[in-house]
Amino acid sequence: QVQLVESGGGSVQAGGSLRLSCTASGDNFSRLCLGWFRQAPGKEREGVAHIYTSGTYYADSAKGRFTISQDNTRNTLYLQMNSLKPEDTAMYYCAAQRCVAGRPLQSYEYKNWGQGTQVTVSS
């Protein structure tokens, strides 16, 4: 079982930046696969970025603007979001799970989720 706590959300204007953080406890952080997801009102949850055994994976909507990273000394996952757009407005969640070698995890494979942090981008 992994406990996850997100922070760093807020309200910004289009073109601005935010850095989300997700602090983990309860398992060996360096052995986990990690992901950021988001869900806007009335829409399905979607994966934004993942860290897995072979590297990182980004959704098309995040490529070139978002960067996922982790600090194993702080047990913390980050999502740096630049050039934010109104369509990035959503609740953002981090997720963690023991890895499956060689591929990013699907949403349903993550068993540990944070409570979410709201990101609102105004035009």
Side-chain angles (χ1 to χ4, degrees):
Q1 190 77 8
V2 182
Q3 292 76 45
L4 302 167
V5 179
E6 300 102 333
S7 61
S11 297
V12 296
Q13 291 192 326
S17 298
L18 284 172
R19 188 177 78 158
L20 306 184
S21 300
C22 172
T23 302
S25 60
D27 200 347
N28 187 332
F29 187 72
S30 63
R31 298 181 65 178
L32 297 173
C33 278
L34 304 160
W36 285 100
F37 293 79
R38 67 186 182 187
Q39 188 166 20
K43 294 188 177 181
E44 292 188 356
R45 183 171 59 194
E46 64 170 338
V48 175
H50 302 265
I51 292 178
Y52 64 112
T53 54
S54 299
T56 57
Y57 171 85
Y58 294 92
D60 287 344
S61 59
K63 286 178 182 176
R65 300 188 301 127
F66 295 2
T67 303
I68 190 171
S69 62
Q70 66 183 106
D71 183 342
N72 290 340
T73 66
R74 298 177 182 270
N75 284 2
T76 300
L77 174 71
Y78 300 101
L79 185 68
Q80 177 67 45
M81 304 187 295
N82 299 327
S83 302
L84 283 162
K85 305 175 181 179
E87 51 263 44
D88 294 318
T89 295
M91 185 72 78
Y92 283 72
Y93 300 89
C94 64
Q97 186 64 28
R98 287 291 181 100
C99 291
V100 173
R103 64 171 178 85
L105 298 179
Q106 299 294 316
S107 173
Y108 70 90
E109 295 178 295
Y110 284 99
K111 306 304 181 187
N112 303 286
W113 294 82
Q115 82 289 350
T117 186
Q118 178 67 39
V119 172
T120 303
V121 184
S122 58
S123 58

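Any value given below was found using the heavy atoms of this structure, including those in side chains, with hydrogens, waters and symmetry copies removed.
The nearest pair of heavy atoms linking Ser69 to Leu77 is O-CD1, 3.3 Å. Nearest heavy atom pair, residue Thr53 against residue Cys99, reads CG2-CB, 3.6 Å. Of all the heavy atoms in Ala24 and Leu4, the pair that sits closest is CB-CD2, 3.6 Å. Heavy atoms only, all atoms of each residue included: Val48 and Ala62 are closest at O-CB, 3.7 Å. Contact between Ala96 and Leu34 at its shortest, heavy atoms only, is CB-CD2, 3.7 Å. For the residue pair Gly102 and Ser54, the shortest heavy atom distance occurs at CA-OG, 3.6 Å.
In this structure, CZ in Phe66 is found 14.0 Å from OG1 in Thr56, a value given to the nearest 0.5 Å. Separation of atoms OH (Tyr93) and SG (Cys22) is listed at 13.0 Å; rounding is to 0.5 Å. The structure places OG of Ser123 at 9.0 Å from CD of Gln13, a figure rounded to the nearest 0.5 Å. Rounding to the nearest 0.5 Å places SG of Cys94 at 12.0 Å from OH of Tyr78. In this structure, Arg19 CZ and Ser17 OG are separated by 12.0 Å, a value rounded to the nearest 0.5 Å.
Annotation: side chain of Asp88 is in contact with side chain of Arg65 (closest heavy-atom distance under 4.5 Å). Annotation: side chain of Trp113 is in contact with side chain of Ser107 (closest heavy-atom distance under 4.5 Å). Taking 4.5 Å as the limit, every side-chain heavy atom of Asn112 sits out of range of all side-chain heavy atoms of Leu32. When side chains are defined from C-beta on, Tyr52 does not count as touching Leu105, because their heavy atoms never get closer than 4.5 Å. Side chains of Gln1 and Asp27 form no contact here, defined as non-hydrogen atoms less than 4.5 Å apart.
Linking Ile, Leu, Val, Met, Phe, Trp and Tyr whenever their side-chain heavy atoms come within less than 4.5 Å puts Trp36 and Phe29 in one cluster. Each of Phe37 and Leu18 belongs to its own hydrophobic cluster when Ile, Leu, Val, Met, Phe, Trp and Tyr are linked at side-chain heavy-atom distances under 4.5 angstrom. At a threshold of 4.5 Å between side-chain heavy atoms, the hydrophobic network of Ile, Leu, Val, Met, Phe, Trp and Tyr places Leu20 and Tyr110 in two separate groups. Grouping the Ile, Leu, Val, Met, Phe, Trp and Tyr side chains by contacts below 4.5 angstrom, directly or via other members, places Leu79 apart from Met91.
Remark: Glu46 pairs with Arg38 by the salt bridge (Lys or Arg N to Asp or Glu O under 4.0 Å) rule, at least two apart or across chains. For Lys63, the salt bridge (Lys or Arg N to Asp or Glu O under 4.0 Å) partners are Asp60, not counting sequence neighbours.
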(request) Dump the intermediate steps for side chain to side chain contact (heavy atoms under 4.5 Å, CB included) on Glu6 and Gln115, then the final yes or no. (result) CA-CA 7 Å; Glu6 300 102 333; Gln115 82 289 350; 2.8 Å; yes
(message) Quick one, Cys33 with Gln97, criterion side chain to side chain contact (heavy atoms under 4.5 Å, CB included). Give me CA distance, side-chain angles, the key distance, then yes/no.
(response) CA-CA 5 Å; Cys33 278; Gln97 186 64 28; 5.6 Å; no
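Ring geometry for Tyr57 against His50 counts as tilted: the plane angle lies between 30° and 60°, on a 0 to 90° scale.
The number of heavy-atom neighbours closer than 6.0 Å to CZ of Arg74, taken from other residues, nucleotides and ligands shown, is 12 or below. Residue Arg98 places its CZ atom among more than 12 non-hydrogen atoms of other residues, nucleotides or ligands, all under 6.0 Å distant.
Side-chain atoms of Thr117 never come within 3.5 Å of backbone atoms of Tyr92 as a donor-acceptor pair (strictly under, hydrogens ignored).
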